[in-house]
Protein chains: 2
Amino acid sequence: MTQKDDFDLREFLPYLLNQAAEISSQSFQRIYKGRYGMLRTEWRVLFHLAIYERMTAKDICEKAIMHKTKVSRAVQRLEQRRYLQRKPDEKDRRHEWLTLTSQGRTVYEDLRAHAQQHDQVLMQKLSTEEITVLRGALNALSQP
Amino acid sequence: MTQKDDFDLREFLPYLLNQAAEISSQSFQRIYKGRYGMLRTEWRVLFHLAIYERMTAKDICEKAIMHKTKVSRAVQRLEQRRYLQRKPDEKDRRHEWLTLTSQGRTVYEDLRAHAQQHDQVLMQKLSTEEITVLRGALNALSQP
DNA sequence: GGTTGTTAGTTACATTTTCAACTATTACCA
DNA sequence: TGGTAATAGTTGAAAATGTAACTAACAACC
């Protein structure tokens, strides 16, 4: 009998994180999909732009941990729907600055309200202290 | 100034969970992909079978929170590589019992060792107490 | 027993994602 | 200055995923 048998994959952090992330995202996904036909990639780009105001696609890649082709296509679709605007950087025309249109901000505000509600439901499953520790731990694990 | 401005999506649990899950999964993904050319779906089916010994595809869907078509295709590929065997249920031939072959178990043991290592690296980012609370919270959030 | 409904699992097709190659622009440096 | 390297972002083809329709087997009710 060796020591390796002590390790149970049911306690493997990436597994637990994935299950929790999956389940807690699902019902919210139905909201942005149902209301605006948005994909998860688009929702993520949208709210990053709302939070940080003005970003390049590359900034979004880094903050949101998304591949650049994913971001590129999400930006295209959000632009088509007039949720965002692109403006090339004057100094370095490889960069494009992205900002939400007022229409994009309206959509964002609506979704944010739903997100807040959704978050409250999730937090009811936890104690105040658990929530604090959880947030801290998730932030720590998100540093690569 | 309304209350809604208090809610910052950077603290939205599904977002934090997703970031942590994504980052903590990435380096491990390179391992099963690099060593065995496996996809995440296949890895998940493999280790569920290793843990529970004998399951139907439906059991896996429920435990792993995966859609049945994902499971169906992962099972097909694992069978082609001779990592698992199917056996129809005698009583109810709609059910198929799945078990790992010895080859599948060997692969699993190898990956489990790597997972354990990986888990230890992740846990170094956290205190013992954080780990305990985190596990509890993730389990709570995984109840749908 | 036969009709209807349900369940486990697969398949076809559409959508999304990934990977690699590509363009356009700027940086570096001999 | 010119040539190579690096960077931001896009695109096309291949792979993976999601959706809905399907098959096969069983259940339930008349």
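Scope of the values below: all heavy atoms of this structure, side chains included, with no hydrogens, waters or symmetry mates. Throughout, protein chains are lettered first and strands after them, A, B, ... in sequence-line order, and every chain is numbered starting at 1.
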Atom CG of B/D89 and atom P of C/dG9 are separated, to the nearest Å, by 10 Å
*asked:* Looking at A/Y52, I'd like to know if the NZ or CZ of B/R10 sits under 6.0 Å from its six-membered ring centre while staying within 45 degrees of the ring's axis.
replied: yes
Which of D/dT17, C/dC19, D/dA25 is nearest the side chain of B/R93? It is D/dA25
- Message: Any base atoms under 4.0 Å from B/H95, or only sugar-phosphate, or nothing? Heavy atoms, all strands.
- Response: sugar-phosphate
Atom CE of A/M38 and atom C1' of C/dT15 are separated, to the nearest Å, by 17 Å
Heavy-atom nearest nucleotide on DNA chain D taken for B/D92 and for A/T56; more 5' hit belongs to A/T56
C/dC19, OP1 or OP2 - any side-chain N/O from B/K33 closer than 4.0 Å? yes
Around atom NZ of A/K63, are there more than 12 heavy atoms of other residues, nucleotides or ligands at under 6.0 Å? no
From CG of B/D59 across to P of C/dG9 the rounded distance in Å is 8 Å
From CD of A/E79 across to C1' of D/dT10 the rounded distance in Å is 13 Å
request  = Please determine if a side-chain N or O atom of B/K70 lies less than 4.0 Å away from the OP1 or OP2 oxygen of D/dG18.
outcome  = yes
Between B/E79 and B/R86 (salt bridge meaning N to carboxylate O under 4.0 Å), is one present in this structure? yes
Does D/dG9 have its OP1 or OP2 closer than 4.0 Å to a side-chain nitrogen or oxygen of A/Q76? no
B/R77 has its side chain closest, among D/dT19, D/dA16, C/dC19, to D/dA16
In whole angstroms, the gap separating C1' of D/dG18 from CD of A/Q29 amounts to 10 Å
Taken to the nearest whole Å, CD/A/E96 to P/C/dA24 is 14 Å
Q.
Given the structure, check if the side chain of B/R94 and the base of C/dT7 hold any donor-acceptor pair shorter than 3.5 Å.
A. yes
*Check: B/R73 side chain, C/dT11 base, donor-acceptor under 3.5 Å*: no
Looking for any heavy atom pair under 4.0 Å, which part of the strands does B/R86 touch: base, sugar-phosphate only, or nothing?
-> sugar-phosphate
Separation of D/dA25 atom C1' from B/K58 atom NZ, nearest Å, is 15 Å
(request) Name the nucleic acid region contacted by B/K68, choosing base, sugar-phosphate or nothing; use a 4.0 angstrom heavy-atom cut-off, strictly under. (result) base
From the candidates C/dG9, D/dT11, C/dT17, the one with an atom nearest any side-chain atom of A/T69 is D/dT11
(Q) Would A/R112 and B/F12 count as a cation-pi pair here, with the cationic atom under 6.0 angstrom from the ring centre and within 45° of the axis? (A) no
*Answer yes or no: is there an ion pair linking A/E62 with A/K58, defined by an N-O contact shorter than 4.0 Å?*
yes
For residues A/Y83 and A/Y108, establish whether the separation of their ring centroids is below 6.0 Å. no
Atom CE of A/M55 and atom C1' of D/dA8 are separated, to the nearest Å, by 15 Å
- Item | Short side-chain N/O contact from A/S72 to OP1 or OP2 of D/dG9, under 4.0 Å | no
